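Below is one structure, written out as structure tokens, with a few remarks after it.
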Amino acid sequence: MLLVGERINGLFKDVAQAIQDHDPEPIQKLALEQTAAGAAYLDINTGPAVDEPEKVMPWLVKTVEEVVDTPLCIDSAKIPGLRAGLEAVSRSRPMINSTTAEPAHLEAYLPLAKAHGALLIGLAMNRRGVPKDAADRAGLAMEIVVAADAAGFPIEDLFIDPLVLPVNVGQEHGPEVLETLRQVKCLADPAPHTIVGLSNVSQKCPHRSLLNRTFLAMAMAAGLDAAIVDVEDRELVHTAAASRVLLNQVIYSDAFLENR
Amino acid sequence: MALEQALEKWTGKITEVTIGATREEGGTRSAKVVAGGESTLPFLTFEGEVPHQPVIAGEILDRYPEEWPSPLREAFGEDLKDPAAWARRWVEGYGAQLLCLRLASTAPDAGDASPEQAAATVRRVLEAVGAPLIILGSEDVEKDNAIFPKVAEAAAGERCFLGVVTKDNYKSIAAAAMLHGHGLIAQAPVDVNIQKQTNILLLEFGVKKDSILMDPTTGGLGYGLEYTYSVMERLRLGALQGEAQVAVPLILFPGAEAWRSKEAKESTQDSPRWGEQETRGVLWEILTGTNSLQAGGDILVCRHPEAAAALRRHVAELLV
């Protein structure tokens, strides 16, 4: 299970403030804390308040790389922001967050990912939005797989995100996401990897940690390989470790909680 | 249309472990032995790297092995009475590059040799040959804890591998090994979970990953080999899939296992229809060994020189 730390994102007030003040300290603290907590990747997103992410992204990347070796997941809705982030990465193989199944997106993102040797997250959605059911999600995932294959992009470097919606507004999406995870694993051989933005499942709900970790265990059983999460939620990280053992993905030992 | 080779893409790699230290490295060995480093399953050189051949080591005891079947004793004759002569015979007579000295006489119920005597034996063997040395105790927990600090000191800087340590008994031996620059053999009772736990405990204690060999305990052909095979296979698959704590070389003892079997021990006289005992016993050791190699064995400790020679040829042929 690959855990991507979600905290370095301008959506969070402390990060937005640090970006505005050009203050590296809070960012570096989050990078160190998330790495210590078990993050295999760190998501880097300038947030919605930044109009020109390409101006902020290189600073964010450098600030983080000054204190950790953890690979980065460059997260931006805008191509210039992504490109600037990827160009600033110097330490290890980055991940791109994300393309959709929209042909124009695929045409732009696949060559970018290839050029930087990056892993690529592909959202199972297009301009019509998030599909209602698993079949449509899997259909869009297939379009991404086909485009990647045609572009010569390695399928095992692709991470399909079936898109998790908050349980309090889109309850019916939960089982569809789980079913999509199962189907994505049958799309190609080798199969693409799978990823979700987990915390979205509990937006504006009480008992967020409980909802997050319960859905994580369910999704792992359905074929989830990676998740963008709050890695400082110990219960969640422990649930991932226990699930890996219960799914026979790693050899059990009494010290299984230390298994990352 | 050409048939495409279906290759597995592994993410893990076995740690390279060096046994023995030459003069430049603070020891006195004439050569060292490197095991591990594989990034694929045994012998699949078309899929990944197999940088080092599995090593076939010769076993010696610190006392005359009166309980050993006669073909084993006949192969070494009078040399069995002196571990230094026995060691030389393996190296000079039978081409062994690695030796495994079992300090059997330290067992409280079979000689009870003192830590000082054990240390002196180790020194004599080290002086007799230039090959690197693996040193086993008697597997009596208290006695092993008493002898290894002395033994480790007597062999300081030689980068020997000491064993065995288990999850319930590792601290004194591991501390002695770390202090004097040796490695360790981590043993578990045919149990993949306990093997991993033992390795984790050693790593947490501060033992470096390149200083651990694991002995998952094996059975001889016909005596549990198929079960122990699965344990080794699971460990190796886990290692190649990225589980760092089990990505260390495997040391196996086909000699000890095979010659414990009835098929190897029964004399020609008592069971004439089974054929000649020496041939039978040697074959039993060879077949236990070839299976151990297929399961991922990196170091095989042998007892009969003909079995050792056959396994060395087998490895060379498979890795061409």
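Here is the naming used below: chain letters follow the sequence lines, and residue numbers restart at 1 for every chain. Everything numeric here is computed off the predicted structure, so don't read it as measured data.
Looking at B/Ile194, neither its backbone nor its side chain comes within 4.5 Å of chain A, counting heavy atoms on both sides. Contact annotation for B/Lys167: neither backbone nor side-chain heavy atoms come within less than 4.5 Å of a heavy atom of chain A. Of the atoms belonging to A/Gln249, it is backbone heavy atoms, and not side-chain ones, that fall under 4.5 Å from chain B.
The structure places OG of A/Ser253 at 11.5 Å from CD of B/Gln195, a figure rounded to the nearest 0.5 Å.
When the side chain to side chain contact (heavy atoms under 4.5 Å, CB included) test is applied to B/Asn193, the partners found at least two apart in sequence or on another chain are A/Ile251, A/Tyr252, B/Asp191.
A 6.0 Å sphere centred on CZ of B/Phe205 holds more than 12 heavy atoms belonging to other residues, nucleotides or ligands. Within 6.0 Å of CD in B/Gln5 there are more than 12 heavy atoms belonging to other residues, nucleotides or ligands.
Within the structure, side chain to side chain donor-acceptor pair (under 3.5 Å) contacts touching residues 180-189 of chain A (residues at least two apart or in different chains) are A/Glu179-A/Arg182, A/Glu179-A/Gln183, A/Lys185-A/Asp225.
What you find for B/Glu243 and A/Val250 is that their closest heavy atoms are OE2-CA, 3.1 Å.
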